[in-house]
Number of protein chains: 2
Amino acid sequence: MQKEHNLSKNQKIIFDLIDKSGGPMKAYSILFNVQKKGIKAPLQVYRALDKLVEIGKIHKIESRNAFIACQNSSCQISKATAFSICESCENVSEISNSKLSKYLSNFSDESGMKYSKYNLEFFGLCKKCKSK
Amino acid sequence: MQKEHNLSKNQKIIFDLIDKSGGPMKAYSILFNVQKKGIKAPLQVYRALDKLVEIGKIHKIESRNAFIACQNSSCQISKATAFSICESCENVSEISNSKLSKYLSNFSDESGMKYSKYNLEFFGLCKKCKSK
DNA sequence: AACATTATGTAATAATATAACATTTAGAAG
DNA sequence: CTTCTAAATGTTATATTATTACATAATGTT
Ligand SMILES: [Zn+2]
Ligand SMILES: [Zn+2]
Ligand SMILES: [Zn+2]
Ligand SMILES: [Zn+2]
């Protein structure tokens, strides 16, 4: 069962925007879109984004400096994330594959380092773009 | 056998700097360090970095906006990269594990998308930092 | 009510990265 | 060696992404 986080006003505005967009959004594009709702400064956006990432409602796509709503209901915390990214249309989707996540969560090498978190980004062409 | 790329003057200066540093370096720190060698503008650095990434001599650590020399001689092209990152001391090392790379290179899901590239970043505490 | 924690507002600035344009260098082809 | 082309360089300006610093307000706990 997922803990309910009561989002604050700004967090809710920003989460709803990202969630409705259905794809990754960049911070300044978010800012532009929420200015009519009274959020005027970059910092207000980044603070909400930080919190939303922390509680796992959104994830950051590192290679794109963009943020996407979590598409995986079992993903309480952004500790183990995997995405597929189309290099042509920039479509992004979260990969939810239990074998993969099990494999990576249990991964360890000879360095003696125990990993508590990972982020994986796959790149390629999506179905649509491949058939063009 | 790895194709020898003849690095240009700027590419060589910048690769040597990153390689000797032994860790990840950020673009503007690189710029600062090579100004005595005549490289004066960000763009000169970014162009060399782009090329070095393209030919696999360095990789970008996306979550850190930093660049590290390839530590894996068999890694001609930056198509399949994995790193371990200490969240305390920020030490980064390239993971070269054939099982892992085989697993990820062959990974496919039900989306019908075939992946040509991936980047994986593991986070945790390194041995040193764990024992503190 | 008192206190601590979290969130907000605002301005300024830092850090990261690219656009546009002119010129030069290095290879390949004839 | 000359012509052509692709790659690399130099330079200025600017765009994009993110944080510091400081003041205030809202929320939750004891
Ligand atoms: Zn998720
Ligand atoms: Zn696509
Ligand atoms: Zn490598
Ligand atoms: Zn460490």
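The chains referred to below are lettered A, B, ... by the order of the sequence lines, with proteins before strands, and numbering in each begins at 1.
Rounded to a whole Å, the CG atom of Asp50(B) is 14 Å from the C1' atom of dT9(D). Atoms CD (Glu54(A)) and P (dA7(C)) sit 8 Å apart, rounded to a whole Å. Rounded to whole angstrom, the span from the CD atom of Gln44(B) across to the C1' atom of dA7(D) amounts to 15 Å. Between Asn6(A) atom CG and dG28(D) atom P there is a gap of 8 Å when expressed in whole angstrom units. Across the protein-nucleic acid pair, Asn65(B) atom CG and dT17(D) atom P stand 11 Å apart, rounded to whole Å. When the P atom of dA8(D) is taken as reference, atom CG of Leu49(B) falls 14 Å away, rounded to whole Å. Taking atom OH on Tyr46(A) and atom P on dA14(C), their separation rounds to 17 Å, with Å as the unit. Per the geometry, CG belonging to Leu43(A) stands 16 Å off C1' belonging to dT16(D), to the nearest Å.
Comparing the local axis fitted to the first five base pairs of the helix from dA1(C)-dT30(D) to dG30(C)-dC1(D) with the one fitted to its last five gives a bend of 50°, rounded to 10°.
Comparing dT10(C), dT11(D), dA7(C) by their closest approach to the side chain of Ser8(A) singles out dA7(C). When each of dA17(C), dT11(D), dT19(D) is scored by its nearest atom to the side-chain atoms of Pro42(A), the top-ranked nucleotide is dT19(D). With distances taken from any side-chain atom of Arg47(A) to the nucleotides dT12(D), dT10(C), dG10(D), the minimum falls on dT10(C). Nearest nucleotide to the side chain of Lys51(B), out of dA8(D), dT11(D), dA18(D): dA8(D).
Side-chain contact annotation: Asn10(B) with Ser8(B), donor-acceptor N/O pair under 3.5 Å absent.
Checking side-chain atoms of Asp19(A) against main-chain N and O of Phe15(A) turns up no donor-acceptor pair under 3.5 Å. Lys12(A) contributes no side-chain N or O that, together with a main-chain N or O of Asn6(A), makes up a donor-acceptor pair within less than 3.5 Å. Here the side chain of Ser105(A) pairs a donor or acceptor atom with the backbone of Ser101(A) at under 3.5 angstrom. Between the side chain of Glu121(A) and the main chain of Leu120(B), no donor-acceptor pair closer than 3.5 Å is present.
Taking a cutoff of 4.0 Å between a charged side-chain nitrogen and a carboxylate oxygen, Glu87(A) and Lys117(B) qualify as a salt bridge.
Put simply, Leu43(A) and Ile30(A) are part of two different groups of oily side chains (I, L, V, M, F, W, Y) that touch within less than 4.5 Å, one to the next.
At the phosphate of dT10(C), OP1 or OP2 sits under 4.0 Å from a side-chain N or O atom of Lys40(A). Contact annotation: Lys60(A) reaches the phosphate of dA18(D) (side-chain N/O to OP1 or OP2, under 4.0 Å).
For DNA chain D, the neighbouring residues in residues 10-37 of chain A, judged by any heavy atom under 4.0 Å, are Lys26(A), Tyr28(A).
Between Phe123(B) and Tyr115(A), the gap from one ring centroid to the other reaches at least 6.0 Å.
Ring planes of Tyr118(A) and Phe122(B): perpendicular class, angle over 60° (limits at 30 and 60°).
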